[in-house]
Amino acid sequence: MPLFSLPSPYGIGSMGRAAYEYIDFLVAAGQKYWQLLPLGPTDLGDSPYSSPSSFAGNTNLIDLSGLAADGLITKEFLDSFSWGEDLEKINYELIKKNRAAVFKEAYRSFKQREAECGEGRQNAGNEEDNSSQTAEYAPASGAAREYNREGLRKFQEENSAWLNNYALFMALSEKFKTPWQDWPEEIRAREPEAVARYEAELSEIISLICFTQYLFFTQWNKLRTYAREKGIRLIGDMPVYAASNSADVWSEPEFFKLEDDVAGVPPDAFSEEGQLWGNPIYDYEAMERDGFGWWIRRVDAAGRLYDVLRIDHFRGFESYWAVPKTEKTAINGRWVKGPGMKLVGVLTGWFNEMEFIAEDLGQITPEVHKLLCDSGLPGMKVLEFAFDASGSSAYLPHSCGENSICYVGTHDNNTVLGWLKELSAEDKAFASDYMHITEDEGWAWGMIRTGMSTASRLFIAQMQDVLELPESARMNVPGVAAGNWCWRMKEGAATKDIAARLYKYTETYRRNRT
């Protein structure tokens with residue numbers, strides 16, 4: 001369930017009331033895990049898998065009601081904006097525009113409040129009789145406010161390794177309104193004098209960006225603490241590649257091959273032309289000489305957000321699809337050997353207390369199987385890939401071994417009801433017989449039951465299928481640039497009856513007792 005898909009009065013799901021209620025729903029349903037899509041900021045296309053930073057948080061997910069509760073903005077101010085009329089779709093253009101205005105006002109209020117607090121504290125220390133003034137400022141000082149100057153200072157200090165580069169990158173992006181590759185040479189190459197000059201020129205924008213990141217991580221840490229207290233573990237998703245137009249690539253270009261090839265995947269069931277992602281290819285030799293420090297920092301940052309980490313496109317660690325920059329599709333790419341266990345072993349060894357999931361989908365070769373086996377990580381079994389009438393699929397439920405994670409479908413798949421329309425009559429009949437689908441139970445819940453019954457160590461269903469939603473609720477169509485990542489759950493959709501039904505299925509297969 002993506003965080004952005006939760007109901008909200010402000011056009012997009014957030015770390016507000018609905019997120020806490022969703023955790024309560026999971027508890028009532030007997031669940032132990034909540035898998036989310038990546039939480040990083042998004043760029044063109046609004047895909048959570050294309051981000052200007054591998055470390056920053058998505059400020060679209062900040063709970064605006066929480067800012068009002070803290071006194072940084074008023075509810076009347078928030079209600080003066082239109083946040084979109086469609087309760088089941090996100091209007092990203094509108095959201096971004098309005099949030100920019102809200103954050104500017106919140107930061108103005110924050111600075112004014114903290115200045116007054118500081119003045120009040122100074123007066124309290126200098127005057128003999130200041131009891132009334134001290135009382136006036138006490139509620140707005142120190143720990144009495146969720147967001148305060150000391151908290152911001154501490155956040156900036158603890159996250160300076162990535163925050164400074166990110167804030168400057170985003171400020172420069174706003175100034176030049178082009179990818180960093182088109183900036184003036186002096187700042188494109190990060191010449192120290194140019195960096196210092198632009199930091200001074202853009203100091204207000206940089207400060208605002210740091211402030212919004214502080215808001216994001218303050219709210220996230222609070223939400224994650226609540227999840228832990230309720231016994232819900234959070235599964236995060238780490239995109240395998242960094243975006244070309246990102247603070248990651250701009251600030252550390254030595255770890256990327258920027259001249260010849262870009263990333264993608266060859267033609268597959270999703271696209272006859274393959275998928276031309278356009279991300280820069282890693283310079284794994286340079287990374288290895290550095291002890292894979294970039295990856296260690298990246299996974300360490302993810303570990304501060306999640307309890308379990310799904311590694312997207314795991315097969316790319318064995319071999320990745322490199323496509324010449326001049327190509328318009330991914331057809332004419334080639335397989336290039338990846339770092340394999342040299343990198344995977346570093347990550348699993350360095351983070352030996354963290355759990356990983358390997359997204360081992362796509363063109364899987366014996367070499368990829370060997371890497372998965374050598375790593376010891378659980379791979380993925382997707383039921384929507386399982387049912388062709390030949391009965392030969394490696395994803396059939398009886399083929400799901402214990403060291404696997406079973407899914408009905410992923411964010412790239414259709415909903416179950418949409419998937420049914422894509423099945424041939426023969427495949428549908430085979431699936432119906434195999435899973436003993438009945439009209440009363442329905443296909444979505446029949447597949448949830450089937451997934452629960454597998455030997456896989458963990459079973460995960462999309463919330464759209466728990467709600468038995470049609471194809472219009474699909475999250476993403478791979479290879480299609482527009483119209484994705486928009487689905488929103490209606491207020492009140494996650495009912496007590498649905499929680500009870502999910503709990504019954506979970507109890508039947510004893511999945512809530514592990």
Side-chain angles (χ1 to χ4, degrees), residues 47 49-50 237-242 257 260-282 284 310-325 327-344 347 356-397 399-401 403-414 419 422-424 427 456 475-481 484:
S47 169
Y49 292 89
S50 180
D237 203 340
M238 184 177 70
V240 70
Y241 287 115
K257 294 183 177 181
D260 301 319
D261 296 325
V262 293
V265 291
D268 57 17
F270 288 117
S271 174
E272 294 180 355
E273 296 182 341
Q275 297 176 47
L276 186 60
W277 294 336
N279 305 74
I281 300 293
Y282 293 116
Y284 281 119
R310 173 188 179 269
I311 302 175
D312 184 52
H313 198 56
F314 180 83
R315 72 100 54 239
F317 288 156
E318 193 285 317
S319 293
Y320 55 87
W321 191 249
V323 185
K325 270 188 172 183
E327 292 293 323
K328 301 300 182 183
T329 73
I331 293 176
N332 295 319
R334 69 191 190 285
W335 289 110
V336 179
K337 203 69 175 174
M341 278 302 296
K342 287 181 180 179
L343 172 55
V344 177
L347 298 182
F356 295 90
I357 298 172
E359 189 268 287
D360 59 337
L361 307 177
Q363 291 192 12
I364 305 305
T365 63
E367 290 80 9
V368 178
H369 279 297
K370 184 178 187 306
L371 177 61
L372 184 66
C373 182
D374 291 345
S375 72
L377 302 182
M380 292 174 55
K381 298 288 188 179
V382 180
L383 296 185
E384 287 191 16
F385 294 156
F387 299 102
D388 65 82
S390 69
S392 60
S393 172
Y395 295 103
L396 281 167
S399 300
C400 296
N403 194 33
S404 68
I405 312 297
C406 181
Y407 291 79
V408 170
T410 75
H411 59 272
D412 285 335
N413 293 106
N414 210 332
W419 168 78
E422 302 168 355
L423 284 184
S424 68
D427 291 347
S456 297
M475 186 55 62
N476 179 50
V477 181
V480 176
N484 297 313

> Quick one: does V265's side chain get under 4.5 Å of W277's, heavy atoms only?
Replying inline: yes
> Which heavy atom of Q363 sits nearest a heavy atom of P266, and at what distance?
Replying inline: NE2-CG, 3.5 Å
>> Tell me whether D312 contacts the main-chain N or O of M238 through its side chain, where contact means a donor paired with an acceptor under 3.5 Å.
In response: no
> Quick one: CZ on F387 to CH2 on W419, what's the gap to the nearest 0.5 Å?
Replying inline: 6.0 Å
>> For V336 versus A322, what's the shortest heavy-atom pair and its separation?
In response: CG2-CB, 3.9 Å
>> Could you tell me if the side chain of L276 sits less than 4.5 Å from the side chain of K328, heavy atoms only?
In response: no
> If you round to the nearest 0.5 Å, how far is CG of D374 from CD of E367?
Replying inline: 11.5 Å
>> Which heavy atom of V382 sits nearest to which heavy atom of V408, and what is that distance?
In response: CG1-O, 3.7 Å
>> Walk me through whether M380 and T410 qualify under side-chain contact (heavy atoms from CB on, under 4.5 Å).
In response: CA-CA 10 Å; M380 292 174 55; T410 75; 3.7 Å; yes
>> To the closest 0.5 Å, what do you measure between OH (Y407) and CD (E384)?
In response: 13.5 Å
>> Under a 3.5 Å distance rule, please check whether N279 uses its side chain to pair with a backbone N or O of A242 as donor and acceptor.
In response: yes
> Do any N or O atoms from the side chain of S393 and from the backbone of F385 form a donor-acceptor pair under 3.5 angstrom?
Replying inline: yes
> So, do Y284 and K342 sit near enough that their side-chain heavy atoms are less than 4.5 Å apart?
Replying inline: no
> Is it true that Y282 and Y241 have ring centroids separated by less than 6.0 Å?
Replying inline: yes
>> Contact between F356 and V344 at the side-chain level, heavy atoms closer than 4.5 Å - yes or no?
In response: no
>> With side chain to side chain contact (heavy atoms under 4.5 Å, CB included) as the test, pick out the partner of D360 among L371, L372, L377.
In response: L372
> If you measure from OG on S375 to CZ on F317, what distance do you get to the nearest 0.5 Å?
Replying inline: 10.5 Å
> How many angstroms lie between atom CH2 of W335 and atom CH2 of W321, to the nearest 0.5 angstrom?
Replying inline: 6.5 Å
>> So which atom in L383 and which in P397 form the shortest heavy-atom distance, rounded to 0.1 Å?
In response: CD2-CG, 3.9 Å
> ring pair (Phe, Tyr, Trp, His ring centres under 6.0 Å) between Y49 and H313: does it pass, once the steps are laid out?
Replying inline: CA-CA 11 Å; Y49 292 89; H313 198 56; over 10 Å; no
> Which atom pair, heavy atoms only, marks the closest approach of I331 to P267?
Replying inline: CG1-CG, 4.1 Å
> Between A394 and K381, what is the shortest heavy-atom contact and its length?
Replying inline: O-NZ, 3.1 Å
> If only atom types and distance count, is the side chain of E359 paired as donor or acceptor with the main-chain N or O of L361 below 3.5 Å?
Replying inline: yes
> Between the side chain of K370 and the main-chain N/O of T365, is any donor-acceptor distance below 3.5 Å?
Replying inline: no
> Looking at residues at least two apart in the chain, or sitting in another chain, which of them share a side-chain contact (heavy atoms from CB on, under 4.5 Å) with N476?
Replying inline: D412, P478, N484, W485
>> I need the H411 NE2 to S47 OG distance, nearest 0.5 Å.
In response: 7.5 Å
> How would you list, by chain and number, every residue that makes a side-chain contact (heavy atoms from CB on, under 4.5 Å) with P324, sequence neighbours excluded?
Replying inline: D261, T326, E327
